[in-house]
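The structure appears right after this line, and notes come after that.
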Amino acid sequence: MDHTAKKNKRLMALNDNKAGMEGLDRDKINKIIMESSKGSRFYENELKREQQVNQRIEKMMLQKAQITEQQLKKAQAEVERMATELERSRDLSRVIVHVDMDAFYAAVEIRDCPELKDKPMAVGSMSMLSTSNYHARKYGVRAAMPGFIAKKLCPNLVIVPTNFAKYRAVSGEVREIFAEYDPHFQSVSLDEAYLDFTDHLEQRQSWPESLRTHRFHASNFGLKSLPQEAVPEEKDLSPVLFDDSPSSSPCLSGPEGVGAAGGAFEVFGTSVEEAVREMRFRIEQKTMLTASAGIAPNMMLAKVCSDKNKPNGQYRLPSTREAVMDFVQNLPVRKVSGIGKVSEKMLNALGISSCSHLGQQMGLLSLLFSETAWHHLLQVSLGLGSTFIPRHEERKSMSTERTFKELSKVEEQLSLCRELCEDVAEDMKEEGLKGKTVTLKLKNVSFEVKTRALTLPYAVATVDEIFAVAKDLLKTEIDNESPQPLRLRLMGN
DNA sequence: TACATACAC
DNA sequence: TATGGTGTATGTA
């Protein structure tokens, strides 16, 4: 193919339009990323995968060409009916909040090492970064970018290794606060959660001021005794680097004062916004870290809203059908949780980039996508989402995997496999679990991934039981390739 | 059930 | 030198 050059440009390119980039411009960044990637086995594999997606799209377009006016009309009517039905059950009565800590890992590391405060930094390794701070983002340094490429974009970048034990501890502190607003909150990860504020707000209406009053803690930074104006101090209080958030910190405008003990305090109101502001305030007082939040009538919308005034901000979408529909019209499909890179590309091929397009094309989509998929898209286009927060269900799988430098010797592969089985068995023991399906995952040096699974008639949990199965699966693969050895870079199970 | 793919963080 | 790890859902055979 000769027209791939253009496409390739977009393949590895900087994926984001989030933060402003003052250091380097986009083209320059993309050029550096491309030069670092081109020719690598990783890149070759990415190209291959892109081709697969393109083929999927071609197939879809062919299918589209087959659709008759008749079919489309019929599908349209069907969609219409379903939309009416969904509309009938629209529930705007819940107040759902999505909270997201700002650049969490990076913020924690900066808090604990003020040296880093004004430097571009990221958390991770030369192989992979988890997150980066604001300064680094200016250079195009992003989460999920390998550190060695980030270093090329920003030679002064400081890379701090991850310290999950610490993040877990901080996360625990934040979750204690979440629980006070919704004991049934659902955490998505260490730094993110959904809360249903409905009940809290009802209670809150009859709360005296005392319950809505929260103190600035003098323990934060060098704030011994607070001066009368806590307002301008607030920024200095924040250890987080995102001091550029424009509309997002109207925060300390409410009535606040100085307590008898000398600590300043603030009284929060009874509205949703005030309650969420209060929660974020308490998080910051407790952890010296900032959070952003989205407030909306369902989970899907709340999630999008939390991104709106990030970092250190919040956004409320009013609970009216009109506001919701309005909000959704201009929403790029990619912003919706669950619509990733591939779905976006497929939708784009159909001329769909915003949710308003979704609404217009639902007839077509119902013919080209699976039932579950188009139902979901229809809901999105109507601004619908879950209005209750499901409790975290029981885990369905447990796994461990490791990447290493090329491993080609059979004995080494087997002993590594055993090691992984030991790890999994240990983890299973900790939770007192058993499992019936053993899955072996292999990635070769060309980044091709394979999984091999076997389901047993009974549940297993011990190393020996698991390894017995995994060893067989691995041996089968080794035999399969022989006389060529398996050249593995990752193994998991 | 087996496997691959997509997605999220 | 160098592109992660863990878990869920879904489509398809």
Side-chain angles (χ1 to χ4, degrees), chain A residues 11-12 15 33-34 36-46 48-50 52-53 55-56 98 100-101 103-105 123-131 142-152 159 161-162 164 167 171 187-194 299-300 303 306-307 334-347 369-376 390 392-406 420 423-424 427 435-443 445-457 473 476-477 489-493:
Chain A
L11 178 59
M12 302 297 299
N15 127 45
I33 294 176
M34 181 53 77
S36 314
S37 304
K38 211 165 35 188
S40 67
R41 295 195 207 248
F42 175 82
Y43 180 70
E44 292 305 316
N45 189 253
E46 288 296 294
K48 204 182 87 188
R49 296 181 44 134
E50 199 206 13
Q52 284 169 8
V53 172
Q55 279 178 20
R56 242 179 99 177
H98 178 260
D100 197 342
M101 299 296 292
F104 187 48
Y105 301 168
V123 176
S125 68
M126 280 302 249
S127 299
M128 186 53 59
L129 301 180
S130 293
T131 181
R142 292 285 186 285
M145 175 181 279
F148 72 91
I149 292 181
K151 276 280 198 184
K152 288 183 183 163
I159 298 179
T162 50
F164 279 101
Y167 313 143
S171 181
S187 28
V188 182
S189 63
L190 289 182
D191 75 321
E192 216 178 285
Y194 289 97
M299 291 172 78
M300 178 253 135
K303 166 90 197 188
S306 71
D307 200 48
R334 186 57 222 270
K335 293 270 182 191
V336 178
S337 180
I339 300 182
K341 218 179 128 169
V342 174
S343 303
E344 182 193 27
K345 199 169 172 182
M346 299 215 291
L347 291 171
F369 286 64
S370 74
E371 184 164 280
T372 31
W374 76 258
H375 282 183
H376 177 245
H392 242 11
E393 281 157 43
E394 277 178 10
R395 73 155 66 241
K396 299 181 173 163
S397 70
M398 177 176 276
S399 68
T400 180
E401 63 187 64
R402 230 164 283 156
T403 291
F404 36 77
K405 65 180 184 14
E406 180 170 346
L420 292 165
D423 289 355
V424 171
D427 291 349
K436 297 179 91 160
T437 303
V438 178
T439 304
L440 175 75
K441 176 174 167 180
L442 304 171
K443 191 191 276 183
V445 291
S446 300
F447 290 85
E448 292 161 338
V449 179
K450 251 186 217 173
T451 61
R452 292 291 174 259
L454 188 66
T455 299
L456 306 162
L473 293 170
T476 306
E477 285 312 301
R489 78 181 318 274
L490 174 148
M491 195 185 297
N493 78 71

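First the proteins, then the strands, lettered A, B, ... as listed; each starts at 1.
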Mind checking salt bridge (charged side-chain N to carboxylate O under 4.0 Å, His left out) for [X] and listing every partner two or more places apart, or none if nothing turns up?
X: A/K48; value: A/E448
X: A/R452; value: A/E477
X: A/E192; value: A/K303
X: A/E44; value: none

Task: Positional range of nucleotides in DNA chain C within the contact set of chain A, heavy-atom, under 4.0 Å - done: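 The protein-touched segment is C/dA2 to C/dG11.
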TODO: Answer with base, sugar-phosphate or nothing: what part of the nucleic acid does A/R395 contact at a heavy-atom distance below 4.0 Å?
DONE: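 Sugar-phosphate: the residue A/R395, judged by heavy atoms under 4.0 Å, touches backbone atoms but no base.
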Task: Gap in Å between the two P atoms, one belonging to C/dT3 and one to B/dA8, rounded - done: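 Result for the P pair: 24 Å, nearest Å.
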Just to verify, what does [X] make a side chain to side chain donor-acceptor pair (under 3.5 Å) with, not counting sequence neighbours?
X: A/S171; answer: A/R175
X: A/T131; answer: none
X: A/T437; answer: A/T455
X: A/D423; answer: A/R402

Open item on the list: Return a single string for nucleotides 2-8 of chain B, one symbol per nucleotide in 5' to 3' order, where B is base contact, S is sugar-phosphate-only contact and - is none, cutoff 4.0 angstrom on heavy atoms.
Closed with: SSSSSSS
- [ ] Please figure out whether A/K396 or A/R489 has its closest DNA chain C nucleotide nearer the 5' end.
- [x]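 On the 5' side of the pair lies A/R489.
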Open item on the list: Need to verify one output field. Residue with the more 5' nearest nucleotide on DNA chain C, A/E394 or A/T372?
Closed with: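 Comparing both residues, the 5'-ward one is A/E394.
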Open item on the list: Could you work out, with ring pair (Phe, Tyr, Trp, His ring centres under 6.0 Å) as the rule, every residue matching A/Y105, not counting sequence neighbours?
Closed with: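 Applying ring pair (Phe, Tyr, Trp, His ring centres under 6.0 Å) to A/Y105 gives A/F164, A/Y167.
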Open item on the list: Checking A/E406 against A/R489 for the side-chain contact (heavy atoms from CB on, under 4.5 Å) test, could you report, in this order, the C-alpha distance in whole Å, the side-chain angles of both residues, the deciding distance, and whether it holds?
Closed with: CA-CA 5 Å; A/E406 180 170 346; A/R489 78 181 318 274; over 6 Å; no
TODO: Taking Watson-Crick and G-U wobble pairs with both distances under 3.5 Å, convert DNA chain C into its dot-bracket string, 5' to 3', dots for unpaired and | for cross-strand pairs.
DONE: ....|||||||||
